[in-house]
Q: 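This is the structure I want to talk about, given as structure tokens.
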Amino acid sequence: MKISFFTKVKNLNIGSYRIWIYDLCKKLNSINYKSKIIFNLNKIGNEDVLIFGKDIKNPEINFIKKKLNKNCILGAIN
């Protein structure tokens with residue numbers, strides 16, 4: 001299973017990024033899931049699961065959804 005997090009923010013001082021993206025991505029990799037953080041829209045491709053950071057807004061999500069495999073599961077950081 002390929003799990004990706006999409007955000008434009010790379011700041012460990014922001015709790016939602018550090019805990020729900022950076023730390024979770026590391027943890028998933030440590031238990032043998034393929035997980036990565038994507039900062040560039042053009043790098044989104046064949047994920048099984050794509051989780052959006054808090055900084056990604058609806059218009060961008062709708063655009064990204066058109067590029068994804070229809071079986072891709074989407075999620076968002078609250």
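Predicted model, so just to flag it, every value in this text is computed and none were measured.
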Q: Side-chain heavy atoms nearer than 4.5 Å, only ILVMFWY residues, links allowed to pass through others: does that put L50 and I37 together?
A: no
Q: Honestly curious: do F63 and I73 fall in one hydrophobic cluster under the side-chain, below-4.5 Å linking rule?
A: no
Q: Looking at K67, I'd like to know if its NZ atom is crowded, meaning that more than 12 non-hydrogen atoms belonging to other residues, nucleotides or ligands lie closer than 6.0 Å.
A: yes
Q: Check the hydrophobic clustering (I, L, V, M, F, W, Y; side-chain heavy atoms under 4.5 Å; chains of links allowed) and say if W20 and L28 are grouped together.
A: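 Yes.
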Q: Measuring only between side-chain heavy atoms, which start at C-beta, is K54 closer than 4.5 Å to I14?
A: no
Q: Would you kindly confirm whether V9 and I44 end up in one hydrophobic cluster when ILVMFWY residues are joined by side chain heavy atoms under 4.5 Å apart?
A: no
Q: Should the pair F6 and F52 be assigned to parallel (<30°), tilted (30 to 60°) or perpendicular (>60°) ring geometry?
A: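 Answer is perpendicular, since the angle exceeds 60°.
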Q: Just so I know, are the side chains of N46 and N69 near enough to count as touching, which here means a heavy-atom distance under 4.5 Å?
A: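 Counting from C-beta outward, N46 and N69 never come under 4.5 Å.
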Q: Same hydrophobic cluster for I38 and F5, using side-chain heavy-atom links shorter than 4.5 Å among ILVMFWY?
A: no
Q: Between E47 and S4, what is the shortest heavy-atom contact and its length?
A: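 Minimum heavy-atom separation between E47 and S4: CG-OG, 2.9 Å.
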Q: Taking atom OH of Y33 as the centre, does the number of heavy atoms from other residues, nucleotides or ligands within less than 6.0 Å exceed 12?
A: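 Atom OH in Y33 is not packed in, count stays at 12 or less.
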Q: Kindly say whether S35 contributes a backbone atom to a donor-acceptor pair with the side chain of N29 at under 3.5 angstrom?
A: yes
Q: Do the non-hydrogen side-chain atoms of L74 and L68 ever get within less than 4.5 Å of each other?
A: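 Yes. Closest side-chain heavy atoms under 4.5 Å.
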Q: Nearest 0.5 Å, please: how far is CD1 in I51 from OG1 in T7?
A: 12.0 Å
Q: Are the side chains of R18 and N13 in contact, using a 4.5 Å heavy-atom criterion?
A: no
Q: To the nearest 0.5 Å, what is the distance between CD1 on I19 and CG on L24?
A: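 Nearest 0.5 Å value for the CD1-CG distance: 11.0 Å.
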Q: Which heavy atom in I77 sits nearest to a heavy atom in S16, and how many Å separate them?
A: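 Shortest heavy-atom contact: CG2-CB, 4.3 Å.
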